[in-house]
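Working notes for the structure below.
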Amino acid sequence: MSSKVRVRFAPSPTGHLHIGGARTALFNWLFARHNKGVFILRIEDTDRSRSTEEYIEAIIEGMKWLGLDWDEGPYRQTDRLEIYKSYVNKLLKEDNAYYCYCSPEELEERRRLALAQGKPPKYDGRCRGLKEPVPGRIPAVRFKMPQVGITVVDDLIRGKVSFDNEQLDDFIIMRSDGTPTYNFCVVVDDVDMRITHVIRGDDHLNNTPKQIQIYRALNYEIPKFAHLPMILGSDKTRLSKRHGATSVMAYKEMGYLPEALLNYLVRLGWSYKDQEIFSKEELIEKFNIENIGKSAAVFNPEKLLWLNSHYINASTPERLYELVRPFLIKEGIIKEDTQIDIQWVSKAIATLKERSRTLVELANSLRYYILEDIEIEQEARQKFINEKTIGYLRRVRELLSSMDGFESKALEEAFKKLISELGVKLSEVAQPLRVAITGKTVSPPIFDVLSVLGKERTLRRLDRVIKTS
RNA sequence: GGUCCCAUCGUCUAGAGGCCUAGGACGUAGCCCUCUCAAGGCUAAAACACGGGUUCGAAUCCCGUUGGGACCGCCA
């Protein structure tokens, strides 16, 4: 019998939760949920100069927005310094690690030199055999890598990957200030937290042999590894700010739904036959590591946008109102304390959701429903408002003011009669009317708009155009 | 430079030696629907990087070439 699956997402708080990190988190989360295992959030903040509280908050905020809930943590490595220290001492005592008195400047110089000579910038191991401390220097601690043989990483996605130990150098596991480094504490933590599967970005594959050697030195069982392919920008280099928004929360602000981003991210590197749309439940049911691809994927904002429109269209108007409200406030369409009748606004949103790709678009389209005074676009007026169409609008006004109900069905019937009386096509009346009541040449079906707006406001807008023209 | 990884339409991908005349999705173009815009439906253009093997048969297996990426820190 196999022990319970335990996985973790271990971001370093040196920036916001970004697209790549979010996908790593998602895959870990899905793997845990699929296997009824445990998902752990661990903050890797040993680099104190670059880690901040704000970024920890930002990462948590991003995880919460995406709905990636964790079962343990967030653990913080800075809370666990004593644990690492004891393991360093153990390695030191067992002669698997040693003090290194080289200064960062010296190391940097040697590295530069090696690179210039076209040699691998590998630590030369000069402190390895040192018997006495070097006075006046505070040492770092290095791990003693085996210098012969090979280390094999058995990866769930890549298969067996071999590294010549000769290529690996004695890396620093504890800085001279006493803080441990990544390649060391990641192992200690994964062991301590009984992680069964390490699912992380491809960029860590080269670190894995080093980590495996630490496992061995500590005499611990090695977890399963799964290295995910990278996410690239449109120019096929590592996704970065140059390629546009990379932070998860930036997508929230641009009016994306979390399920759209999640659905997009999961298909970057993972597939299930021809299926494109997945609910969260479906993903949990269907996710597996076998179907993760090996090659890097280019991030494609167009497809994300398509998914977003799909999910907006699939949402109920009631939910969309809740989601769009902050955007209405931000766009200055309503105030924080503005109360809107939920039934009415739902009806309005129902007419717009299939033509909105983001919540920002939805908010802006809602403008002419919510605001009392609308602005008529200059071009629209020029094209559709003239003596002839004003005449039509007068007839429309007459017709509408005589109507009791304002349901789109009834309106449509009445308009059919009107246009046959006028002997024109519907579009000849509908477009001027659309411009008069929405200010634009584009809107949901005109009868739906009238119905949402109601008789009183429709007549007011009509009068304004008829009188001022 | 060294090490490691990767390689199917522009992009995400299906493809487990014959089911491939290479399928789906985004995007693009056209048509249908239509009061505008969408949504929806239909159609089209669009790919196995190249060269060698293995095999009766290769997108699929092997080798090489080329191209891309990652890592080589007292960052993670």
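Proteins come first, then strands; the chains are lettered A, B, ... in the order of their sequence lines, and each starts at number 1.
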Mate of [N] where both pairing distances stay under 3.5 Å, Watson-Crick or G-U:
| N | answer |
| --- | --- |
| rA22(B) | none |
| rC33(B) | none |
| rU3(B) | rA70(B) |
| rA16(B) | none |
| rA59(B) | none |
| rU65(B) | rA49(B) |
| rU28(B) | rA44(B) |

Distances under 3.5 Å only, N/O to N/O: pair up the protein atoms with those of nucleotides 2-5 of chain B.
unit_1 : atom_1 : unit_2    : atom_2 : d
rG2(B) : O2'    : Gln167(A) : OE1    : 3.2
rC5(B) : O2'    : Arg158(A) : NH1    : 2.6

* Asked: Which nucleotide in the list rC72(B), rG69(B), rA76(B) gets nearest to the side chain of Met230(A)?
  -> rG69(B)
* Give the nucleotide from the list rA76(B), rA70(B), rC26(B) with an atom nearest to the side chain of Asp203(A). => rA70(B)
* Only pairs at least two apart or in different chains count here, so list each ring pair (Phe, Tyr, Trp, His ring centres under 6.0 Å) that has a residue in residues 409-448 of chain A. =>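 Pairs touching residues 409-448 of chain A that pass the test: Phe415(A)-Phe447(A).
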* Asked: With sequence neighbours left out, what residues match Thr351(A) under side-chain contact (heavy atoms from CB on, under 4.5 Å)?
  -> Tyr369(A), Pro444(A), Asp448(A), Val452(A)
* Mind checking what makes side-chain contact (heavy atoms from CB on, under 4.5 Å) contact with Asp274(A), not counting sequence neighbours? -> none
Can you tabulate the close N/O pairs, meaning under 3.5 Å, that link protein atoms to atoms of nucleotides 64-66 of chain B?
none

Using residues 259-270 of chain A as the side-chain source, report each donor-acceptor pair under 3.5 Å to any protein atom, sequence neighbours left out, with the distance given to one decimal.
unit_1    : atom_1 : unit_2    : atom_2 : d
Glu259(A) : OE1    : Arg319(A) : NH2    : 3.2
Glu259(A) : OE2    : Arg319(A) : NH1    : 2.7
Glu259(A) : OE2    : Arg319(A) : NH2    : 3.4
Asn263(A) : OD1    : Phe278(A) : N      : 3.0
Asn263(A) : OD1    : Tyr311(A) : OH     : 2.5
Asn263(A) : ND2    : Glu276(A) : O      : 2.8
Tyr264(A) : OH     : Asn300(A) : N      : 2.6
Tyr264(A) : OH     : Asn300(A) : O      : 3.4
Arg267(A) : NE     : Gln275(A) : O      : 3.3
Arg267(A) : NE     : Glu276(A) : OE1    : 3.4
Arg267(A) : NH1    : Trp270(A) : O      : 3.0
Arg267(A) : NH2    : Glu276(A) : OE2    : 3.4
Trp270(A) : NE1    : Asn288(A) : O      : 3.2
Trp270(A) : NE1    : Asn288(A) : OD1    : 3.2

* To do: Test the Arg394(A)-Tyr392(A) pair against the cation-pi criterion, namely NZ or CZ under 6.0 angstrom from the six-membered ring centroid and within 45° of the ring axis.
  => no
* Asked: Salt bridge between Glu44(A) and Arg42(A), side-chain N to carboxylate O under 4.0 Å?
  -> yes
* Report the residues that fulfil side chain to side chain donor-acceptor pair (under 3.5 Å) with Glu166(A), sequence neighbours left out, ordered by chain and then residue number. => none
I'd like a list of close polar pairs between nucleotides 9-16 of chain B and the protein, N/O only, cut-off under 3.5 Å.
unit_1  : atom_1 : unit_2    : atom_2 : d
rU11(B) : OP1    : Lys236(A) : NZ     : 3.3
rC12(B) : OP1    : Val298(A) : N      : 2.9
rC12(B) : O2'    : Arg267(A) : O      : 2.8
rC12(B) : O2     : Lys303(A) : NZ     : 3.4
rU13(B) : OP1    : Gly269(A) : N      : 2.5
rU13(B) : O3'    : Ser271(A) : OG     : 3.2
rA14(B) : OP1    : Ser271(A) : OG     : 2.8

Quick one: side chains of residues 139-162 of chain A, donor-acceptor pairs under 3.5 Å with protein atoms, not counting sequence neighbours, listed by atom name and distance.
unit_1    : atom_1 : unit_2    : atom_2 : d
Arg142(A) : NH1    : Asp170(A) : O      : 2.6
Lys144(A) : NZ     : Asp95(A)  : OD1    : 2.9
Lys144(A) : NZ     : Asp95(A)  : OD2    : 3.2
Thr151(A) : OG1    : Asn165(A) : OD1    : 2.5
Thr151(A) : OG1    : Gln213(A) : NE2    : 2.8
Asp155(A) : OD1    : Ile157(A) : N      : 2.7
Asp155(A) : OD1    : Arg158(A) : N      : 2.8
Asp155(A) : OD1    : His227(A) : N      : 3.4
Asp155(A) : OD2    : His227(A) : N      : 3.1
Asp155(A) : OD2    : His227(A) : ND1    : 2.6
Arg158(A) : NH1    : Lys294(A) : O      : 3.0
Arg158(A) : NH2    : Asp202(A) : OD2    : 3.2
Arg158(A) : NH2    : His227(A) : O      : 3.3
Arg158(A) : NH2    : Lys294(A) : O      : 3.3

* How does protein contact run along nucleotides 33-42 of chain B, one letter per nucleotide 5' to 3', with B for base contact, S for sugar-phosphate only, - for none, heavy atoms under 4.0 Å? -> --BBBBS---
* His16(A) ring center within less than 6.0 Å of Tyr55(A) ring center ->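 Tyr55(A) vs His16(A): aromatic centres under 6.0 Å.
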* To do: Specify the separation, in whole Å, of atom CD of Glu105(A) and atom C1' of rC74(B).
  => 10 Å
* Asked: What residue pairs, at least two apart or across chains, pass salt bridge (charged side-chain N to carboxylate O under 4.0 Å, His left out) with a residue in residues 225-235 of chain A?
  -> Asp235(A)-Arg242(A)
* To do: For Asn308(A) and Arg357(A), indicate whether the former's side chain and the latter's backbone hold a donor-acceptor pair under 3.5 Å.
  => yes
* **Sequence neighbours excluded - side-chain hydrogen bond (donor to acceptor under 3.5 Å, both in side chains) pairs with any residue from residues 412-430 of chain A** => Arg395(A)-Glu421(A)
